[in-house]
Amino acid sequence: MNAVLSAGNLGLSYPGRGLLKKRSSRPALQDVSLSIATGGSIGLVGGSGAGKSTLLRILLALEKPGAGTVAFNNTPVVPGPASSLRWYRRAVQYIPQNPAASLNPGMNVERLLLEPLRQLRIDGDHRGMILNALQRVDLDPRMLGRRPWELSGGQKQRVAIARALVPAPSILLADEPVSGLDPPLRNTVLDLMEQLVQQDGLGLLFVSHDLSAVARLCSETMVLSGGRIVEQGPTAAVYANPQTLEAKELVTSAALIHRFLPAPLPAPRP
Ligand SMILES: Nc1ncnc2c1ncn2[C@@H]1O[C@H](COP(=O)(O)OP(=O)(O)OP(=O)(O)O)[C@@H](O)[C@H]1O
């Protein structure tokens, strides 16, 4: 089924501190609108303090916007008690930065994957749902009895992504999921996400400083600066011909980083 997560004219100002509280309050987000549909992928890029995390918190219904609305399939999404948001958490899942680090070391893989089903009160064949999520991230069911420390880095990342997939969401919100990962792990996560969008038809909002990851995964890119969307469009067009200073700076710094990265080693001879 097609699903759409949409945000309209979002705004939020955090209160300032001290005596000049009111005067020093600064907008973290202004007039931000976006729409993420199943099968689509949007990269959200922006420098530090641009408002990316604030936007994600609002989209996850963890923070109430000062202005604007969030809706899923036209149903308003409003922060509130966990019980009022279960329907939304089933549909829209979150992949945090370094997802493997968020795995509870006291739980084995089966328990880790069962937890979201219990918390979201999802009935049915839990074992089947868990096996299906494992299969989607290409993990062997023999891993179910293992705890996080008995897994490789790549397997942990896969479990963490399977945990987001087990409630069968239609949209994923990912917050810098590849930052700080070494190149093989980064590729593992990017391959998986690519497959989830292109083969499984999930919708993806991919927040990242890593423009090459965004170029690989996202058909559309939005540039956030000072809480506003200053540029948006097909990723290739934004990268090839950035129109704003902010987008130009991001593209130039990404190009510089890539120029200084060592060239990949040649493949070993068979
Ligand atoms: N809880 C808060 N209280 C006050 N100001 C905040 C709070 N959270 C964020 N801000 C401010 O809001 C603005 C946007 O912050 P946000 O964390 O959304 O940016 P970001 O793009 O995610 O940055 P980064 O890439 O560094 O994580 C910044 O100016 C930040 O200082």
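Start at 1 and go down the list; that is how both ligands and their atoms are numbered. Quantities reported herein were computed from a predicted structural model and do not represent experimental measurements.
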With no hydrogens and no angle check, just 3.5 Å: does a side-chain donor-acceptor pair link Ser35 and Ser6?
no
Checking Thr54 against Tyr14: is there a side-chain donor and acceptor pair closer than 3.5 Å?
yes
Could you point out which residue of Arg147, Arg146, Met143 forms a side-chain contact (heavy atoms from CB on, under 4.5 Å) with Asn108?
Arg147
Quick check on contacts: which atoms of ligand 1 are under 4.0 angstrom from a heavy atom of [X]?
| X | answer |
| --- | --- |
| Thr54 | 14 (C), 15 (O), 16 (P), 18 (O) |
| Ala50 | 19 (O), 20 (P), 21 (O) |
| His209 | 25 (O) |

Ligand 1 N/O within reach of Pro15 N/O, cut-off under 3.5 Å
no
Contact (N/O only, under 3.5 Å) between Ser53 and ligand 1
yes
Per atom 19 (O) of ligand 1, closest listed option by heavy atom (Gly47, Gly227, Ala28, Gly51)
Gly51
Please determine if Glu115 and Arg163 form a salt bridge, counting it only when a charged side-chain N lies under 4.0 Å from a carboxylate O.
no
Could you tell me whether Arg186 and Asp210 make a salt bridge, using a distance below 4.0 angstrom between a side-chain N and a carboxylate O?
yes
With no hydrogens and no angle check, is any side-chain donor or acceptor of Glu231 less than 3.5 Å from a backbone partner on Gln243?
yes
Of all the heavy atoms in Arg57, does at least one lie under 4.0 Å from an atom in ligand 1?
yes
